[in-house]
Number of protein chains: 2
Amino acid sequence: METRQAEPSRNTILQAAYCEIHRKGFQAASIADILKDTGLTKGALYHHFPTKQALGLAVIEEVIGENLARLLFAPIRQSEKPFEALLYLIAHIDELAPPDFATLGCPLNNLMQEMSPLDPEFKSRLNGILRNWRDTVEWALLQGKGQGEVRPEVDCASAALFIVSAWEGCIGIAKNMQSVDSFRSCMMQLHDYVASLRISK
Amino acid sequence: METRQAEPSRNTILQAAYCEIHRKGFQAASIADILKDTGLTKGALYHHFPTKQALGLAVIEEVIGENLARLLFAPIRQSEKPFEALLYLIAHIDELAPPDFATLGCPLNNLMQEMSPLDPEFKSRLNGILRNWRDTVEWALLQGKGQGEVRPEVDCASAALFIVSAWEGCIGIAKNMQSVDSFRSCMMQLHDYVASLRISK
DNA sequence: ACTCATCCATACCGGTCGGTATATATTTGA
DNA sequence: TCAAATATATACCGACCGGTATGGATGAGT
């Protein structure tokens with residue numbers, strides 16, 4: 001039996017760190033600012049996390065990874081028609097994703113751009129999530145192919161990587177243009193591309 | 001007649017700042033590190049640039065903007081067949097772009113992701129370059145349409161935005177996966193998408 | 001030759017950062 | 001009940017950061 005009194009505090013810090021990092025990036029995120037609205041202090045933080053890097057890695061795995069798994073991967077994996085589920089997600093992502101994605105971008109992509117070249121630990125964790133995403137999309141394409149929906153000559157691995165890349169690209173561009181309409185228009189083009197992989201009849 | 005003795009120093013600082021910012025991002029770029037290899041000191045820097053922000057904005061306009069104009073916009077604008085020029089650029093960008101783009105990403109996109117939500121000055125300058133890029137691509141598509149190469153029903157504005165978005169997305173993802181093969185594969189998919197806008201005969 | 005603006009080096013400042021040392025509640029286990 | 005482990009607060013530290021104040025060198029105009 002382990003003590004569980006600490007878990008609420010740990011989660012509070014984790015969530016606050018996630019928000020701060022999402023807003024400012026990891027390096028610009030200040031420990032003091034993270035704690036500011038939590039009612040906790042450095043004593044609590046450094047009890048649960050040995051260093052700022054460890055806190056960042058925990059945010060990646062326990063918040064960002066979990067969120068993406070729940071929002072994107074699970075709906076595809078659990079669908080009976082994964083390819084259709086993928087198309088649905090692309091078409092409706094602006095309603096399904098948290099609203100701050102539009103203004104602050106995708107937390108996964110933000111951290112990848114900032115930290116991957118600087119810290120190998122960050123890089124490997126972030127790449128793990130990215131690989132998971134790409135594999136899920138590839139799996140959806142392969143399932144679609146098996147179900148006779150996707151054209152047999154499609155290179156599912158390459159297409160999956162492109163879909164994820166373009167997806168992140170659309171989020172990033174929309175974040176800068178601060179325009180939901182641009183984002184929707186952009187994702188619509190991606191939707192058309194994915195739909196073009198379907199068998200035309 | 002104004003004194004021109006200062007121009008070499010200014011350019012040295014500008015170039016060093018560009019490299020440092022490309023490697024670490026703007027906020028993490030340290031003034032001291034920028035000067036370290038230049039043989040100059042803070043006195044020189046703060047003589048030519050009133051603040052770190054002004055230095056960053058100068059890097060954006062005078063280095064990043066110029067580089068992109070020379071590498072991407074000019075070849076399309078000056079081509080007699082802009083649509084073909086666009087396709088060529090997408091297919092050969094890995095040979096034409098500076099090699100550190102693969103490991104460090106696109107400087108424009110890096111700064112957009114980091115700074116646009118934080119600083120409206122950065123945002124407007126970066127968006128200016130982005131708009132220039134999108135307009136150039138859109139112009140290439142429109143020219144292609146006029147020359148009977150692009151299908152008439154294509155929405156050139158939306159397609160151009162998507163092309164730029166996907167382009168940046170491919171660079172970003174490749175930067176994290178640190179794989180030139182992935183980047184090429186990804187850009188190849190984008191190439192296929194753009195080629196699919198062509199009239200099929 | 002004198003003046004004055006340009007150009008740049010040096011030394012320094014206040015503030016913030018991540019991290020630590022220590023004391024203190026609180027809970028748990030025997 | 002009492003000791004030990006857990007959980008958190010507070011005060012503090014050295015490092016680094018962007019920015020400034022000052023003074024000296026250099027060159028142009030008169």
Side-chain angles (χ1 to χ4, degrees), chain A residues 1-60 62 111 114-115 118-122 125, chain B residues 1-60 62 111 114-115 118-122 125:
Chain A
M1 280 300 167
E2 42 196 344
T3 309
R4 280 285 156 238
Q5 196 59 22
E7 204 170 292
S9 292
R10 210 188 105 100
N11 278 344
T12 300
I13 293 173
L14 216 49
Q15 201 60 36
Y18 167 77
C19 291
E20 176 83 356
I21 290 173
H22 195 192
R23 265 198 292 272
K24 303 192 193 168
F26 176 76
Q27 300 179 92
S30 134
I31 302 281
D33 284 352
I34 291 174
L35 272 340
K36 191 161 289 178
D37 296 330
T38 62
L40 297 169
T41 62
K42 284 191 182 183
L45 192 150
Y46 280 98
H47 174 70
H48 292 284
F49 306 96
T51 155
K52 190 191 178 188
Q53 185 205 30
L55 174 62
L57 296 177
V59 165
I60 290 173
E62 298 179 39
L111 279 178
E114 179 190 3
M115 295 304 297
L118 299 180
D119 188 312
E121 285 291 326
F122 274 78
R125 316 282 180 115
Chain B
M1 279 302 164
E2 42 197 343
T3 310
R4 281 278 157 244
Q5 197 60 23
E7 203 171 293
S9 292
R10 210 188 105 100
N11 279 343
T12 300
I13 292 173
L14 217 49
Q15 201 59 36
Y18 167 76
C19 292
E20 175 83 356
I21 290 172
H22 195 192
R23 265 198 292 271
K24 303 193 192 167
F26 176 76
Q27 300 179 93
S30 133
I31 302 280
D33 284 351
I34 290 175
L35 272 340
K36 190 162 289 178
D37 297 329
T38 62
L40 297 170
T41 62
K42 284 191 181 183
L45 192 149
Y46 280 98
H47 173 72
H48 292 284
F49 306 96
T51 157
K52 189 190 178 189
Q53 184 205 29
L55 174 62
L57 296 177
V59 166
I60 290 174
E62 299 181 38
L111 278 178
E114 178 190 3
M115 295 305 296
L118 299 180
D119 187 312
E121 285 292 326
F122 274 78
R125 316 281 180 115

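Letters A, B, ... mirror the listed sequences (proteins, then strands); counts begin at 1. FYI, side chains are in, hydrogens and waters are out, and symmetry mates aren't considered; it's all heavy atoms of this structure.
- Of all heavy-atom pairs between B:Leu118 and A:Arg23, the closest is CD2-O, 4.0 Å.
- Listed candidates were C:dC8, C:dG18, D:dT8. Nearest to the side chain of B:Ser9 is C:dC8.
- In this structure, B:Glu20 atom CD and D:dG18 atom C1' are separated by 14 Å, rounded to whole Å.
- Under the 3.5 Å distance criterion, the side-chain polar atoms of A:Gln27 are left unmatched by any main-chain donor or acceptor of B:Gln27.
- Rounded to an integer number of Å, the gap from CD of A:Gln27 to P of D:dA15 is 21 Å.
- Distance CG (B:Asp33) to C1' (D:dC17): 11 Å, rounded to an integer number of Å.
- Across the interface with DNA chain C, nearest-nucleotide mapping of A:Ala28 and A:Pro50 shows A:Ala28 to be the residue nearer the 5′ end.
- With values rounded to the nearest 0.5 angstrom, A:Leu55 atom CG is found 6.0 Å from A:Ile31 atom CD1.
- Contact detail for A:Lys52 and A:Phe26: the closest heavy-atom pair is NZ-O, 2.9 Å.
- Per the geometry, NZ belonging to B:Lys42 stands 18 Å off C1' belonging to C:dC7, to the nearest Å.
- Between B:His47 and C:dC7, a side-chain N or O to OP1/OP2 separation shorter than 4.0 Å is present.
- When all heavy atoms are compared, the tightest approach of A:Ala16 to A:Ile34 is CB-O, 3.6 Å.
- Rounded to an integer number of Å, the gap from A:Ile13 CD1 to C:dG19 P is 14 Å.
- For the OP1/OP2 pair of C:dC8 and a distance below 4.0 Å, the side-chain nitrogens and oxygens of B:His48 include at least one atom meeting the criterion.
- Under 4.0 angstrom from either OP1 or OP2 of D:dG19 there lies at least one side-chain N or O belonging to B:Thr51.
- The NZ atom of A:Lys52 sits 9 Å away from the P atom of C:dC17 (whole-angstrom rounding).
- Here the P atom of nucleotide D:dC17 and the CD1 atom of B:Ile34 are 11 Å apart, to the nearest Å.
- Checking D:dA9, D:dG18, C:dC8 against every side-chain atom of B:Leu40, the shortest atom distance belongs to C:dC8.
- As rounded to whole Å, 11 Å separates atom P of D:dG18 from atom CD1 of B:Ile21.
- Of the two residues contacting DNA chain C, namely A:Tyr46 and B:Thr41, the nearest-nucleotide position lying further toward the 5' end is that of B:Thr41.
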